[in-house]
Structures are given as C-alpha cells and as structure tokens.
Amino acid sequence: HTNRQQLNSLSVLFNEGLAPGGIYILEDIGDAQFERYNDNNGVHTTDVIANVMQAMVENPEFREGSLAGYDTMLKGLKSVHCFPELCVFTKCDGTEPRCGTRHGSTDSTSG
C-alpha cells in the first residue's frame, strides 16, 4: 500500500464508513518508509500518525485528528494504539464523557 492509499482510505473509511464506537485497523504501516511506497511528496503514513498522537497528548481539548497534507480530519477520534506493523483507531460512540463533542458532530458550534 502506498502512503497516499493508506491515508486516503483512513480518512474516507473512518469518517464516512465507520460507525460510532467502531475501530479501524491500518496495517502494513512499516512499508510506508520504503521509497517504492513514497507517492505522497515525502509525507509518510507513520509521520502523520505520530503527529496525530502528539496532538492528542499535548492538547487536552483535542477534538479531531488532522491528517497532514489533507483537507480532512478524523472526526470523532477517541484513541490510537500502534504496534510494529499496524495502528488501531477507535471512534467515539457519543456517550463517553472524555470524548465531549468528538463524536463526529458536524455542528461547528459544538466545540
């Protein structure tokens, strides 16, 4: 999988296909560092994931995970868990107090 394919799939499927409370597994992330998968102007999948995780740690009011180089966000992102070859993204189900308005609401006044 190329970097662009991985990030496009994550964005579209997480935001539009994944039900509240669902999980999305992004596999083969180690391949993103190989030159033959670099089709995204040097933006590697693993770097984007690291940036999302850093934002979650640094900002207690974190609402959405920004995908560097993309106009979209991961709406309703609850958590990211990474392992050597894959990451698991969980989506808020709208009932967890810690998720606040991160449940995927498109209401711009909600936070």
Check your understanding: Does the side chain of Cys92 come within less than 4.5 Å of Leu77's, by heavy atoms?
Key -> no
Exercise for review: May I ask you to test the Thr90-Tyr24 pair for a side-chain heavy-atom distance under 4.5 Å?
Suggested key: no
**Study point:** Heavy-atom side-chain proximity of Leu13 to Leu18 below 4.5 angstrom
**Key:** no
Check your understanding: What heavy-atom pair brings Lys78 and Lys91 nearest, and what distance separates the two atoms?
Key -> CB-C, 4.1 Å
Check your understanding: CD1/Ile49 to SG/Cys87 distance, rounded to the nearest 0.5 angstrom?
Key -> 4.0 Å
**Study point:** Gln5 (side chain) donor-acceptor with Thr2 (main chain) under 3.5 angstrom
**Key:** yes
Practice item. State whether the side chain of Asp93 and the backbone N or O of Pro20 hold a donor-acceptor pair below 3.5 Å, judged by distance alone. Key: no
Review point. Side-chain contact, heavy-atom cut-off 4.5 Å: Ser11 with Leu7?
Key: no
Practice item. Return yes if some donor-acceptor pair links the side-chain N/O of Gln6 with the main-chain N/O of Glu27 below 3.5 Å, else return no. Key: yes
Check your understanding: Taking atom CG of Leu26 and atom CZ of Phe89, what is their separation to the nearest 0.5 Å?
Key -> 5.5 Å
Check your understanding: Residues sharing Ile25's hydrophobic cluster, by side-chain heavy-atom contacts under 4.5 Å among ILVMFWY, directly or via others?
Key -> Ile23, Phe83, Leu86, Val88
